[in-house]
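Worksheet: the structure to be examined is printed underneath.
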Amino acid sequence: MEEITFNATLISALEKLAAKKVTNRKELDAWRAAAEKLERGLSPEQADSVPHFVWHYLGDADIRLRNATYRKDQERRLEKVLRELGPRSHRAGSR
């Protein structure tokens, strides 16, 4: 897959995850399932090209649920990564 196409696909998947509401364990479990589906869908080459922060974002949903300050910091960092990955404007899900 071309890098531009992959980046657009990754951006879209991350925006969808960021938009998911996570306010309780049930929503957290659904979010994690979606994140795991994204991870499983990556080839080894694609996984190698994913920005390091994205792996933290995918793994830290439980911390974001418990800690609003951490959540806001990760949302800001995700917005930055999305801007770096592609030319369109991005806004990670706000809660």
Side-chain angles (χ1 to χ4, degrees):
M1 181 181 289
E2 257 180 58
E3 182 179 329
I4 294 170
T5 304
F6 171 67
N7 283 358
T9 302
L10 181 61
I11 288 166
S12 178
L14 290 170
E15 287 177 330
K16 287 178 185 173
L17 277 174
K20 287 185 178 287
K21 183 178 170 184
V22 179
T23 60
N24 59 49
R25 287 302 281 180
K26 184 177 179 180
E27 292 170 348
L28 175 62
D29 291 343
W31 195 97
R32 281 185 169 158
E36 288 172 7
K37 182 178 178 183
L38 169 63
E39 290 179 45
R40 285 191 310 272
L42 298 174
S43 71
E45 295 80 18
Q46 290 169 333
D48 286 345
S49 70
V50 170
H52 183 76
F53 168 75
V54 171
W55 298 114
H56 287 283
Y57 181 77
L58 294 175
D60 291 350
D62 59 328
I63 300 171
R64 288 191 303 276
L65 176 61
R66 294 187 316 262
N67 185 321
T69 302
Y70 189 78
R71 181 182 68 238
K72 289 294 183 189
D73 179 58
Q74 282 210 327
E75 288 171 351
R76 280 190 294 274
R77 291 181 69 191
L78 180 62
E79 288 176 14
K80 180 179 185 245
V81 167
L82 293 175
R83 282 191 305 273
E84 291 169 354
L85 285 172
R88 25 183 256 221
S89 65
H90 305 285
R91 179 178 155 99
S94 51
R95 291 179 237 316

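Every heavy atom of this structure was used, including side-chain atoms; hydrogens, water molecules and symmetry mates were not.
- The minimum heavy-atom distance linking P51 with L85 is given by the pair CG-CD2, 4.0 Å.
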Quiz item: Would V50 and Q46 count as a side-chain contact (heavy atoms from CB on, under 4.5 Å) if you check the C-alpha gap in whole Å, the side-chain angles of each, and the deciding distance to 0.1 Å?
Solution: CA-CA 7 Å; V50 170; Q46 290 169 333; 5.6 Å; no

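- The salt bridge (charged side-chain N to carboxylate O under 4.0 Å, His left out) pairs that include a residue from residues 32-59 are R32-D62, where partners are two or more places apart or lie in different chains.
- Here the OG1 atom belonging to T69 is positioned 13.0 Å from the CD1 atom belonging to I63, to the nearest 0.5 angstrom.
- Between atom CZ of residue R66 and atom CG of residue D60 there is a gap of 9.5 Å, rounded to the nearest 0.5 Å.
- Between Y57 and F53, the ring planes are tilted. Angles from 30° to 60° get that label.
- Taking CD from E15 and CD from E79, the interatomic distance works out to 10.0 Å, rounded to the nearest 0.5 Å.
- Separating the CG atom in L14 from the OG1 atom in T9 is a distance of 11.0 Å, to the nearest 0.5 Å.
- Residues L42 and F6 share a closest heavy-atom pair of CD2-CE1, 3.6 Å.
- When the side chains of ILVMFWY residues are joined at heavy-atom separations under 4.5 Å, either directly or via intervening members, W55 and L28 end up in a single hydrophobic cluster.
- Here the closest heavy-atom approach between residue L58 and residue L17 is recorded as CD2-CD1, 3.6 Å.
- Shown here are the side chain to side chain contact (heavy atoms under 4.5 Å, CB included) partners of A30, two or more places apart in sequence or in another chain: there are none.
- E75 contributes atom CD, which lies 8.0 Å from atom CZ of R64 (distance to the nearest 0.5 angstrom).
- Applying the side chain to side chain donor-acceptor pair (under 3.5 Å) rule to K80 yields the partners E84; only residues at least two apart in sequence or on another chain are considered.
- Legend: residues meeting side chain to side chain contact (heavy atoms under 4.5 Å, CB included) with A13, ordered by chain and number and at least two apart, are L38.
- Applying the side chain to side chain donor-acceptor pair (under 3.5 Å) test to D29 and every residue at least two apart in sequence or in another chain returns nothing.
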